[in-house]
K.L.:
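Take a look at the following structure, please.
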Amino acid sequence: MAGEIEARLKALDLVLPAAKTAVGTYVPFIHIGGQLIVSGQLPIKDGAVAFAGKLGDGVDIEIGQKAARLCALNILAQAKVALGDLDRIVQLLRLNGFVNAAPGFTDHPKVMNAASDLMVEILGDKGRHTRIAVGCASLPMNVAVEIDAVFAIN
Amino acid sequence: MAGEIEARLKALDLVLPAAKTAVGTYVPFIHIGGQLIVSGQLPIKDGAVAFAGKLGDGVDIEIGQKAARLCALNILAQAKVALGDLDRIVQLLRLNGFVNAAPGFTDHPKVMNAASDLMVEILGDKGRHTRIAVGCASLPMNVAVEIDAVFAIN
Amino acid sequence: MAGEIEARLKALDLVLPAAKTAVGTYVPFIHIGGQLIVSGQLPIKDGAVAFAGKLGDGVDIEIGQKAARLCALNILAQAKVALGDLDRIVQLLRLNGFVNAAPGFTDHPKVMNAASDLMVEILGDKGRHTRIAVGCASLPMNVAVEIDAVFAIN
């Protein structure tokens with residue numbers, strides 16, 4: 001059935017953000033062979049950073065989770081542009097999760113779970129992925145989270 | 001000869017830890033095409049963090065090396081579950097090493113060498129891999145090191 | 001036309017640094033299937049760190065950009081050793097950019113643009129890649145930037 005993932009997005013009342021177009025000399029995604037490689041996505045909506053700051057230093061886990069979730073939606077927005085139809089996703093292979101975090105922060109997995117859970121809500125078992133979750137000293141534009149992804153596609 | 005790597009583990013008097021099973025919506029590994037992709041592994045043994053803290057701020061290099069070594073063993077434990085037989089490993093392609101490190105720490109390679117060396121001890125030339133070694137502001141559960149891996153397999 | 005990329009390097013008046021040979025048990029690159037995977041490269045020239053220190057804490061963006069550029073040249077130096085002929089590069093798939101950065105630093109993309117731009121100057125459209133840019137608490141030998149890469153090759 002075509003449009004299965006789109007239907008699930010609708011059922012979940014989720015709308016993909018507008019995919020950020022290429023800035024400079026790097027690209028938001030590369031589709032090569034059976035893989036779709038997506039550049040690090042930020043918690044940006046309508047062209048502005050939606051969730052900024054450092055976990056464990058003024059930003060609580062709930063905000064971090066919202067940031068991770070928005071990164072995940074931006075990853076899918078890029079996949080939509082790349083593939084046309086999200087049903088072409090065979091498997092989400094990897095999420096690399098970079099959390100803007102204070103030296104004493106320890107709950108990176110809780111933050112990243114928001115992205116992981118959303119992927120499975122939307123993609124089903126095709127959304128079950130390998131992952132890293134680490135704490136960064138700082139991130140571009142002071143975003144709370146940056147996540148990149150690799151998909152197997154057909 | 002089947003069981004070659006298992007025999008080497010025995011000769012080195014090494015026992016793989018119990019592989020941590022999936023928690024939440026991500027998975028410890030994905031086996032796709034000729035590759036095995038392993039999620040970030042932590043220095044966890046018998047369900048508890050064995051080596052915690054920050055390199056360059058209370059944790060010395062020797063402890064960091066023990067942490068890196070345990071991450072490497074946990075990676076192989078996941079590979080064992082995924083592949084059944086570790087002899088199916090064709091080549092360790094990559095280790096990404098994330099060291100929980102103070103701003104002034106500079107010896108990330110020495111820490112990661114413990115993981116790299118162990119892989120070659122166990123896998124021989126098939127264990128020679130590409131690598132990154134970087135310092136993180138913080139890591140999940142305050143572990144000293146997190147390492148993920150990609151293998152070529154048959 | 002053979003030697004196209006070499007000719008472009010010459011036209012740009014760029015000389016690749018000597019490729020750092022393997023130290024220890026990891027390797028600078030692995031060439032497998034249609035991919036070339038390159039270990040994290042540092043801003044090292046003639047065996048010494050050329051650009052050290054932390055962005056946002058004593059190191060300005062221009063120095064960070066020089067570091068990123070030198071990392072990119074070292075990546076290409078490894079590719080030259082691996083492939084013999086840089087014209088075998090089909091596409092630069094990924095740059096992972098790790099910037100040694102203070103907690104308040106936010107201009108990681110500006111630093112990494114120096115590496116991205118150089119790749120496109122040298123490789124043309126084959127140099128347009130996906131990317132991450134994150135801030136690290138510390139890096140090996142206190143280098144300002146570490147970058148690793150994956151190429152599609154033939």
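Note on naming: letters A, B, ... go to the chains in the order of the sequence lines (proteins, then strands), and numbering restarts at 1 for each one. All values derive from a computational prediction rather than experimental measurement.
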K.L.:
Given the options Ser138(C), Ser116(C), Gly104(C), which has more heavy-atom pairs under 4.5 Å with chain A than any of the others?
P.N.:
Ser116(C)
K.L.:
Counting only heavy atoms closer than 4.5 Å, note whether Leu92(C) contacts chain A via side chain, backbone, both or neither.
P.N.:
backbone
K.L.:
Of all of Glu121(C), Met112(C), Arg131(C), which one pairs up most often with chain A through heavy atoms under 4.5 Å apart?
P.N.:
Arg131(C)
K.L.:
Is Tyr26(A) in contact with chain C via its backbone, its side chain, both, or neither, using a 4.5 Å heavy-atom distance?
P.N.:
both
K.L.:
Checking Val120(C) against chain A: side chain, backbone, both or neither under 4.5 Å from a heavy atom?
P.N.:
side chain
K.L.:
Leu139(A) and Gly135(C): which non-hydrogen atoms are nearest, and at how many Å?
P.N.:
CD2-N, 4.4 Å
K.L.:
Determine the minimum heavy-atom distance between Arg94(C) and Ile37(A), stating which atoms define it.
P.N.:
NH2-CG2, 3.7 Å
K.L.:
Checking Asp107(C) against chain A: side chain, backbone, both or neither under 4.5 Å from a heavy atom?
P.N.:
neither
K.L.:
Indicate yes or no: at least one non-hydrogen side-chain atom of Thr130(C) is less than 4.5 angstrom from one of Asp148(A).
P.N.:
no
K.L.:
Under the ring pair (Phe, Tyr, Trp, His ring centres under 6.0 Å) rule, what pairs show up with a residue in residues 108-154 of chain A, not counting sequence neighbours?
P.N.:
Phe105(A)-His108(A)
K.L.:
Could you look at Val134(A) and say if it's the side chain, the backbone, both or neither that has a heavy atom under 4.5 Å from chain C?
P.N.:
neither
K.L.:
Side chain, backbone, both or neither: which part of Gln91(C) has a non-hydrogen atom closer than 4.5 Å to chain A?
P.N.:
side chain
K.L.:
Could you check which of Gly33(A), Ser39(A), Gly40(A) has the highest count of heavy-atom pairs closer than 4.5 Å to chain C?
P.N.:
Ser39(A)
K.L.:
Check whether Ile30(A) gets within reach of chain C through its side chain, its backbone, both or neither, counting any heavy atom under 4.5 Å.
P.N.:
both
K.L.:
To the nearest 0.5 angstrom, please state how far the CD atom of Gln35(C) sits from the CD1 atom of Ile32(A).
P.N.:
7.5 Å
K.L.:
Distance alone, cut at 3.5 Å: any donor-acceptor contact between the side chains of Asn142(A) and Thr106(C)?
P.N.:
no
K.L.:
Looking at Lys110(C), Arg128(C), Met119(C), which has the largest count of heavy-atom pairs under 4.5 Å with chain A?
P.N.:
Arg128(C)
K.L.:
How about Lys126(C): does its NZ atom have over 12 heavy atoms from other parts shown lying under 6.0 Å from it?
P.N.:
yes
K.L.:
Heavy-atom count check: over 12 atoms from other residues, nucleotides or ligands less than 6.0 Å from Asp46(C) CG?
P.N.:
no
